[in-house]
Amino acid sequence: MLPTDSEPMISIEIREVTKLYGAQKALDNISFSINKGEIIGLLGPNGAGKSTLMKIITSFITPNSGTVLINGSDVLEDNLNTRRKIGYLPENNPLYTDMYVREYLSFVLKIYKTSFDVKQRVEEMIELTGLTPESHKKIGALSKGYRQRVGLAQALIHDPEILILDEPTSGLDPNQLVDIRQIILDLGKEKTIILSTHIMQEVEAMCDRVVIIHKGKLVADDLTSNLWKIAGTGNYYEVEFKEKIEASVLESLTFVIKASKQDKRSWLLEAKRGEDIREAIFNFSTEKGYHILSLSQSEQKMEDVFHSLTIDT
């Protein structure tokens, strides 16, 4: 059955995928799907199984059980066809360092046997990824940031429908990071993108949805804006007192879940989600004779949500 106008088209479907390395279960019955045009943040601690999953999607390795479909085609049964639809930038970004930038990109494009004019397409990718100033050099002479750009260019060279990017902003300086972020956002308007990163600001800035894996298991899959609800974490308030106060005093208050000291007189107070405790803090201070120098609600960061979903209790 073809999807209706109101139904999103599924680009990637992962069904009950399990991968073992000896006795170690790298992936444990993972299932989720990605719609065409989504930018997905794939998160998890080191060793969670993210890279293993990306290698299975790209058919570099095979699962012990389960199925991955690319536009409805099984990556194991239709290997060559599904690979043509994917652009992959692995974390270690393996490149032929003795080749010149244009030489390498031409080599990669010819492998795919597309209808593109090779010279024209290479120049388009060089311009798109900001390689122009260094495009005359051998790859081995490039900085890590420019090597990342070459890796992104080779992932895009054949115009794939799907991009899988493993730590694409690794090694970039702040200016380069802004450039690559914008490229990914622009590409996300027409391509499906899986973005694996440890930089939580990247997730908040670029991703429509977040999938979090911990110890091979899927622990979260939702819109980025909904993760706060999944994590079940509370509201946070930054308060600075004129006087020194012990943590036990603040945590004895019924409206405070936890008090974390920031410096000598500043505290980060956690309250129940949806509960505004600012008036209660003022009343407590007045009653006890404390003086508040500043009080503000603290915006919860993605790092807090990631920590609460992947911490071992």
Side-chain angles (χ1 to χ4, degrees), residues 1-91 155 158 160-168 187-188 190-197 203 206-224 226-227 229-231 306 309-310:
M1 181 183 294
L2 293 175
T4 66
D5 292 339
S6 60
E7 293 176 334
M9 183 176 291
I10 295 176
S11 182
I12 303 172
E13 189 170 2
I14 297 160
R15 299 177 179 173
E16 300 178 348
V17 168
T18 294
K19 178 64 179 178
L20 301 172
Y21 292 113
Q24 181 184 358
K25 191 174 284 188
L27 293 173
D28 188 358
N29 201 36
I30 295 286
S31 295
F32 65 92
S33 61
I34 304 173
N35 295 326
K36 186 174 182 179
E38 278 191 300
I39 302 179
I40 300 296
L42 180 61
L43 307 181
N46 290 331
K50 305 185 299 298
S51 293
T52 295
L53 180 59
M54 286 184 281
K55 288 174 183 176
I56 289 173
I57 295 171
T58 54
S59 69
F60 275 84
I61 61 176
T62 59
N64 290 86
S65 61
T67 306
V68 175
L69 304 177
I70 302 296
N71 292 343
S73 298
D74 191 317
V75 298
L76 297 181
E77 296 178 358
D78 195 9
N79 185 284
L80 288 178
N81 186 43
T82 55
R83 283 193 180 202
R84 289 191 183 100
K85 294 175 177 162
I86 297 173
Y88 180 37
L89 173 60
E91 183 179 7
H158 59 297
E161 298 174 32
I162 296 166
L163 274 177
I164 298 180
L165 308 175
D166 196 352
E167 301 286 347
L187 290 168
E190 57 184 37
K191 299 183 186 296
T192 304
I193 300 176
I194 297 178
L195 172 68
S196 177
T197 180
V203 177
M206 291 190 287
C207 298
D208 306 308
R209 223 173 92 210
V210 174
V211 171
I212 300 180
I213 298 175
H214 181 44
K215 292 186 174 180
K217 293 180 178 291
L218 186 71
V219 296
D221 175 11
D222 209 328
L223 297 175
T224 307
N226 286 344
L227 275 188
K229 300 175 185 177
I230 297 173
F306 178 83
L309 290 170
T310 59

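Quick caveat: nothing in here was measured; it's all calculated off a predicted structure.
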Donor-acceptor contact below 3.5 Å, side chain [X] vs main chain [Y]:
X: N64; Y: L20; result: yes
X: S196; Y: E167; result: no
X: K217; Y: N29; result: no
X: K19; Y: A26; result: no
X: T192; Y: G37; result: yes
X: Q24; Y: Y21; result: no
X: H158; Y: K85; result: no

query: With respect to I193, which candidate in L165, I164, I40, I162 satisfies the side chain to side chain contact (heavy atoms under 4.5 Å, CB included) definition?
result: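 The option that passes is L165.
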Given the options I194, D221, I34, I14, V211 meets side chain to side chain contact (heavy atoms under 4.5 Å, CB included) only with D221
Quick one: closest heavy-atom pair of [X] and [Y], and the distance?
X: L43; Y: K50; value: C-CD, 3.4 Å
X: P160; Y: A155; value: CG-O, 3.3 Å
X: I12; Y: I70; value: CG1-CD1, 3.9 Å
X: E91; Y: S51; value: OE1-OG, 4.2 Å
X: S59; Y: V75; value: CB-O, 4.1 Å
X: T58; Y: K55; value: OG1-O, 3.1 Å

Look up atom OG1 in T67 and atom CG in L76, then write down how far apart they are to the nearest 0.5 Å.
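It comes to 7.5 Å.
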Applying ring pair (Phe, Tyr, Trp, His ring centres under 6.0 Å) to Y88 and not counting sequence neighbours gives F60
**Message:** If you define the side chain from C-beta out and look only at heavy atoms, does anything of N71 sit under 4.5 Å from S11?
**Reply:** yes
